[in-house]
Every structure is written in C-alpha cells, then in structure tokens.
Participant: 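Okay, handing you the structure first.
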Amino acid sequence: MISEQEFTNIYNLHASKIHRLCLGYASGNNELAKEWLQETFIKVWKHRNSFKGKSSIDTWIYRIAVNVCLGDLRKSRKSITINEDLLSNSDNDDNNDNNEGNIKKMYHCIDQLNEQNKALILLELENIPQTTIADTVGLAHGTLRTRLSRIRKSLLKCITNGK
C-alpha cells in the first residue's frame, strides 16, 4: 500500500514527465495535458492499494497515463490541433524559426502514427528506459528496439518530406 507521503513523493518525481507525455498526446494543448495529468494521478491514488509491485511503480504510472490519454481520445474522438503558441519563441532569428518548424513537423508526424507507435515514441522522447517502455506496453525488449527504429525512420521520412 502506498502511503500519503509516498504518493506525494511519487507525484513530485513523476508529474513533469507525465505532463510532457500527455502534452505529446494532446499535440501541445496544455490545458488538455493538465487534465490528463490530474486524471492519471487521481487513478494512481484511487488504485494505490491494487499496485502489487510486479512491475516498477514507474511502469505502472506510465501505463495509467497512456491509458488515460488514449481512453479520452477514443471516447470523445477529440480532434487535437497543435498549440502553436506553445511552440513559438520571442527570438525570431532564422535558426529558431527553423527549429520551431521542425518541432511542428515532428508533432504533426507523431500525430499520424497509430496509437501504440505514438505511445512508444512519446515515451522514448521522455527518455524513459526502454525496459520500462517494454513493460508498460507489453512488448519484448528486442521487439521494442526494432519498432522504435522503424518509427524513427518513418518520422525522419515524414519530417523530411512533409508527409
């Protein structure tokens, strides 16, 4: 059982990572990402007694977060648009404009992926260890490595060609 103090520590340790993961699913919509972050930790608190320790607490929380994001997207079939304000920068030199354009392209390309591949690449972009990702989505580590390699190639092609 997770105590109140342990829950607070878990929240403080994982909230920013889960928020960024949700932000990826929400394509930069910060309000929606905050909503999903809150819902994730409400579920963590409600189901804290059901955590058996068969996987790491990180894996358990990431799985809850992915399920919250995907579940809400499926339930409402929300059309998410990229929040361009989040990606903008007050410095307008050419390099920043180019980086901003690449980030927009990357979000657009990630949005084109199927649900599982989107989950995999968003977790990878958060620098979540591959073993944790594999446990979270229920794939063998070798399979995950192959899939991530294919996803990266697909994203590079999409970003380069704009498709």
Side-chain angles (χ1 to χ4, degrees), residues 1-87 103-152 154-155 158:
M1 182 166 142
I2 299 172
S3 71
E4 200 170 320
Q5 181 60 45
E6 289 172 318
F7 177 79
T8 301
N9 292 340
I10 289 167
Y11 178 84
N12 290 335
L13 184 63
H14 296 287
S16 62
K17 291 177 186 176
I18 298 300
H19 179 259
R20 286 190 304 270
L21 175 69
C22 294
L23 199 57
Y25 276 104
S27 298
N29 183 329
N30 195 42
E31 291 306 311
L32 186 56
K34 285 180 182 178
E35 181 182 315
W36 289 342
L37 170 68
Q38 183 178 17
E39 188 176 338
T40 296
F41 280 98
I42 287 171
K43 287 183 184 265
V44 168
W45 177 254
K46 278 183 171 178
H47 300 288
R48 69 189 185 280
N49 295 332
S50 68
F51 178 67
K52 305 285 188 237
K54 292 180 181 177
S55 63
S56 73
I57 192 83
D58 300 8
T59 300
W60 186 63
I61 293 170
Y62 293 130
R63 180 164 285 191
I64 291 171
V66 167
N67 288 338
V68 164
C69 297
L70 290 177
D72 195 45
L73 286 171
R74 281 186 206 125
K75 179 175 59 177
S76 61
R77 296 287 181 208
K78 290 184 179 180
S79 176
I80 306 296
T81 56
I82 295 174
N83 182 341
E84 310 240 347
D85 293 336
L86 179 71
L87 301 174
I103 291 170
K104 288 177 186 178
K105 285 179 188 177
M106 183 179 73
Y107 268 117
H108 172 75
C109 293
I110 289 172
D111 283 341
Q112 305 306 309
L113 297 172
N114 68 40
E115 290 175 353
Q116 188 175 45
N117 287 349
K118 189 173 186 177
L120 296 177
I121 199 64
L122 289 172
L123 289 167
E124 173 82 355
L125 288 172
E126 278 302 312
N127 293 320
I128 307 301
Q130 288 187 354
T131 53
T132 302
I133 297 171
D135 290 343
T136 300
V137 297
L139 291 174
H141 187 244
T143 304
L144 172 69
R145 288 178 50 193
T146 302
R147 182 96 51 90
L148 285 171
S149 176
R150 289 178 184 156
I151 293 168
R152 282 187 215 104
S154 170
L155 288 175
C158 176

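Counting from 1, the numbers follow the sequence of the chain as shown.
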Participant: Please name the pair of heavy atoms, one in T131 and one in H141, separated by the smallest distance, quoted to 0.1 Å.
Facilitator: N-CD2, 4.0 Å
Participant: What's the spacing between E39 CD and C69 SG if we round to 0.5 Å?
Facilitator: 8.5 Å
Participant: Between T40 and W36, is there a donor-acceptor pair closer than 3.5 Å when you use the side chain of the first and the backbone of the second?
Facilitator: yes
Participant: At what distance, to the nearest 0.5 angstrom, does CD of E124 lie from CD1 of I151?
Facilitator: 9.0 Å
Participant: Kindly give the heavy-atom pair with the smallest separation between N49 and K52, and that separation in Å.
Facilitator: O-NZ, 4.1 Å
Participant: For the pair T59 (side chain) and S55 (backbone), establish whether a donor and an acceptor sit closer than 3.5 Å, ignoring hydrogens and angles.
Facilitator: no
Participant: One thing to verify: whether D58 and K17 come together as a salt bridge, which I'm taking to mean a side-chain N less than 4.0 angstrom from a carboxylate O.
Facilitator: no
Participant: Using a 6.0 Å cut-off, check whether atom CZ of R145 has over 12 heavy atoms from anything other than its own residue.
Facilitator: no
Participant: What are the two closest heavy atoms between V66 and A119, and how far apart are they?
Facilitator: CG1-CB, 4.1 Å
Participant: Drop me the distance from L23's CG to I18's CD1, to the nearest 0.5 angstrom.
Facilitator: 12.5 Å
Participant: Would you compute the distance between atom CG of L148 and atom CD1 of I133 and round it to the nearest 0.5 angstrom?
Facilitator: 6.0 Å
Participant: I'd like to know if the side chain of N12 reaches the main chain of T8, judged simply by a donor and an acceptor atom lying under 3.5 Å from each other, with no hydrogens or angles considered.
Facilitator: yes
Participant: Does the side chain to side chain contact (heavy atoms under 4.5 Å, CB included) test come out yes or no for K54 and W60, once each step is laid out?
Facilitator: CA-CA 9 Å; K54 292 180 181 177; W60 186 63; over 6 Å; no
Participant: Could you tell me whether a side-chain N or O of N67 sits under 3.5 Å from a main-chain N or O of R63, the two making a donor and an acceptor?
Facilitator: yes
Participant: Measure the OG-CG distance between S149 and L144 for me, rounded to the nearest 0.5 Å.
Facilitator: 11.0 Å
Participant: As an exercise, state the distance from CG of L120 to OG1 of T136, rounded to the nearest 0.5 Å.
Facilitator: 9.5 Å
Participant: Less than 3.5 Å apart, any donor N or O on the side chain of T143 or T146 sitting next to an acceptor on the other?
Facilitator: no
Participant: I would like to know whether Q116 and R147 meet side chain to side chain contact (heavy atoms under 4.5 Å, CB included); could you show each step before the answer?
Facilitator: CA-CA 10 Å; Q116 188 175 45; R147 182 96 51 90; 2.7 Å; yes
Participant: Hey, are R48 and E6 close enough for a salt bridge, meaning a charged N less than 4.0 Å from a carboxylate O?
Facilitator: no
Participant: Considering non-hydrogen atoms only, spot the tightest contact between I128 and L123 and give its length.
Facilitator: CG1-O, 3.1 Å
Participant: May I ask you to test the Y62-S56 pair for a side-chain heavy-atom distance under 4.5 Å?
Facilitator: no
Participant: State whether the side chain of E126 and the backbone N or O of L122 hold a donor-acceptor pair below 3.5 Å, judged by distance alone.
Facilitator: no
Participant: With disulfide (SG to SG under 2.5 Å) as the criterion, how do C158 and C109 come out once you've worked through the C-alpha distance, each side chain's angles and the decisive distance to 0.1 Å?
Facilitator: CA-CA 6 Å; C158 176; C109 293; 2.0 Å; yes
Participant: What pair of heavy atoms forms the shortest contact from F41 to H14, and how long is it?
Facilitator: CZ-CB, 4.1 Å
Participant: Is the shortest heavy-atom distance from the side chain of L125 to the side chain of I110 under 4.5 Å?
Facilitator: yes
Participant: Find out whether E31 and N29 are in side-chain contact, i.e. whether some heavy atom of one side chain is under 4.5 Å from a heavy atom of the other.
Facilitator: yes
Participant: Checking E35 against D72 for the side chain to side chain contact (heavy atoms under 4.5 Å, CB included) test, could you report, in this order, the C-alpha distance in whole Å, the side-chain angles of both residues, the deciding distance, and whether it holds?
Facilitator: CA-CA 10 Å; E35 181 182 315; D72 195 45; 4.3 Å; yes
Participant: For R20, does the CZ atom have more than 12 heavy-atom neighbours from other residues, nucleotides or ligands under 6.0 Å away?
Facilitator: yes
Participant: Working note: N114 + K118, criterion side chain to side chain contact (heavy atoms under 4.5 Å, CB included); need CA distance, chi angles, decisive distance, verdict.
Facilitator: CA-CA 6 Å; N114 68 40; K118 189 173 186 177; over 6 Å; no
Participant: What's the shortest heavy-atom distance between G24 and D111, and which atoms?
Facilitator: O-OD1, 4.4 Å
